[in-house]
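Report on one structure; see the data block that follows.
Convention: sequence-line order gives letters A, B, ...; per-chain numbering from 1.
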Protein chains: 2
Amino acid sequence: MSPKKIPDPVAKRLALYHRCVNTLLNQGKDTTSSKELGERLSLKASQIRKDLSYFGDFGKRGMGYNLKYLRESLEHILGISKPWNVGIVGAGNIGTALSNYQGLLKDGYKVVALFDRNPSKIGTFVGTQKIPIYSLNELCDKIKELSIEIGVIAVPANHAQSIADRLVECGIKGIVNFAPMKLYLKNVILEDVDISISFKSLTFKIWGSSHGKT
Amino acid sequence: MSPKKIPDPVAKRLALYHRCVNTLLNQGKDTTSSKELGERLSLKASQIRKDLSYFGDFGKRGMGYNLKYLRESLEHILGISKPWNVGIVGAGNIGTALSNYQGLLKDGYKVVALFDRNPSKIGTFVGTQKIPIYSLNELCDKIKELSIEIGVIAVPANHAQSIADRLVECGIKGIVNFAPMKLYLKNVILEDVDISISFKSLTFKIWGSSHGKT
């Protein structure tokens, strides 16, 4: 089955399994089971077995999963057995925070450039990794020169669509969008990160548990 | 039906509907349909009708939804017809970015305090809203004094669990966790925001579309 046909929530869960497998390996374990993964991730064991079965046979019945093999397989499936170069558009708070985010580098996502239109920022460097901030005019040139495959949109909502269109014109392969708006794009893979959605989902549950009707 | 029993993905979609309804109202429209919402959000109209039906009858058959009434209802359901006071633990890059994030304030989430253990940060203020940074020792006192209901965890992963435990001890109602690890908590509502998961979901799709087997 092609990963293109895998439902989006499965992709998210595969990433969760990868993180959990890493934790177990760091704790010195060799094998795990769908039951153990399920307990750690608050998921049903049957769900985990079903998700992993999309990609072949990882475990022997009753024997559990070999953690090293499972990690290697998940890294291949998730495309992180290779490093990815990332460019962030917008060197504001969110762009700066992301370029210092250790969780990304750890998984092979390397922020190699930021882009901004503010002349006072262009030519300066961000964080301990000293990531350069380039002018937005250099976007296409640097994407090619630095082999940037993933573009991150960290600009205000009213500029997000035009930046996204430019990233696509420059041949970017995928976009992670932090601007709180829906983008209309063709021929590129898009992932939205909407922080306020998580807050609303949280207050929905708090509100429901104190005011809910049954 | 109690909101507690509503599946998590529905909560996330309700937040998406709310954002879309706001956009339509800003464009001067009065009514919408499940078809229009579906097209804008890449969801099936039947899915939208089903989600909204959990909460009663919003539209007349063939007449569509009244946008103002739908917004008001969604805000009530999502618990954002009231403001929420937010405290952020960790005044690093992510904590600072969040306290300046306009998308939260717009929806009634007001960051009223940051907490940090770095003496050089304590007593200073962040952003245009001049949000104070307090010592972690003041966590419980300030949560009560400032009526903070939501705690945000923006500390390194190895401190996240102990901070979460302290927030629960201080009587917080809900936690939004930005640390890339699974937290074990009771008696509190938790929402995880894992940025690297979005990147992995993206590269899974890029990788799959270029290397996928069918």
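- Proximity to chain B is absent for every atom of A:R13, based on heavy atoms less than 4.5 angstrom apart.
- Under a cut-off of 6.0 angstrom, the local environment of NZ in A:K110 is sparse, with at most 12 non-hydrogen atoms contributed by other residues, nucleotides or ligands.
- Contacts with chain B were tallied for A:A157, A:G174, A:G95; A:G174 has the most, counting heavy-atom pairs under 4.5 Å.
- A distance of 8.5 Å separates CD1 of B:I172 from CD1 of A:I206, quoted to the nearest 0.5 Å.
- Tested against A:F199 for a side-chain contact (heavy atoms from CB on, under 4.5 Å), the candidates B:V193, B:D107, B:V86 yield a single pass: B:V86.
- At least one side-chain heavy atom of A:K200 sits less than 4.5 Å from a side-chain heavy atom of B:I80.
- The shortest heavy-atom contact between B:N93 and A:N100 is ND2-ND2, 3.2 Å.
- Counting heavy-atom neighbours within 6.0 Å of B:E72 CD, excluding the residue itself, gives a total of 12 or less.
- For A:K82, the part sitting under 4.5 Å from any heavy atom of chain B is the side chain, from C-beta outward, and nothing else.
- Around CG of B:N187, the count of heavy atoms belonging to other residues, nucleotides or ligands within 6.0 Å does not exceed 12.
- Looking at A:F178, the atoms closer than 4.5 Å to chain B (heavy atoms on both sides) sit in the backbone and in the side chain alike.
- Here the shortest heavy-atom pairing between A:T203 and B:L78 reads OG1-O, 3.0 Å.
- Between A:W207 and B:I77, every side-chain heavy-atom pair lies at or beyond the 4.5 Å cut-off.
- Shown here for B:S201 and A:E191, the closest heavy-atom pair between the two residues is OG-OE1, 3.2 Å.
- The line from OG of B:S196 to CG of A:L98 is 11.0 Å long, rounded to the nearest 0.5 Å.
- Around atom CG of A:N158, more than 12 heavy atoms belonging to other residues, nucleotides or ligands sit under 6.0 Å away.
- In this structure, chain B has a heavy atom under 4.5 Å from the backbone of A:I175, while its side chain stays farther away.
- Contact annotation for B:I195: both backbone and side-chain heavy atoms come within less than 4.5 Å of a heavy atom of chain A.
- Only the side chain of A:H18 comes within contact range of chain B, with at least one heavy atom under 4.5 Å from a heavy atom of that chain.
- Proximity to chain A (any heavy atom under 4.5 Å) is shown, for B:V188, by neither the backbone nor the side chain.
- For the set B:K12, B:K182, B:R19, the count of heavy-atom pairs under 4.5 angstrom toward chain A peaks at B:R19.
- At a 4.5 Å heavy-atom cutoff, the contact between A:I94 and chain B is made by backbone and side-chain atoms alike.
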Report task. Carefully, step by step, assess A:R40 and B:Y184 under the rule side-chain contact (heavy atoms from CB on, under 4.5 Å). Result -> CA-CA 9 Å; A:R40 286 179 167 250; B:Y184 297 90; 3.9 Å; yes
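- Atom NZ of A:K144 is surrounded by more than 12 heavy atoms from other residues, nucleotides or ligands within 6.0 Å.
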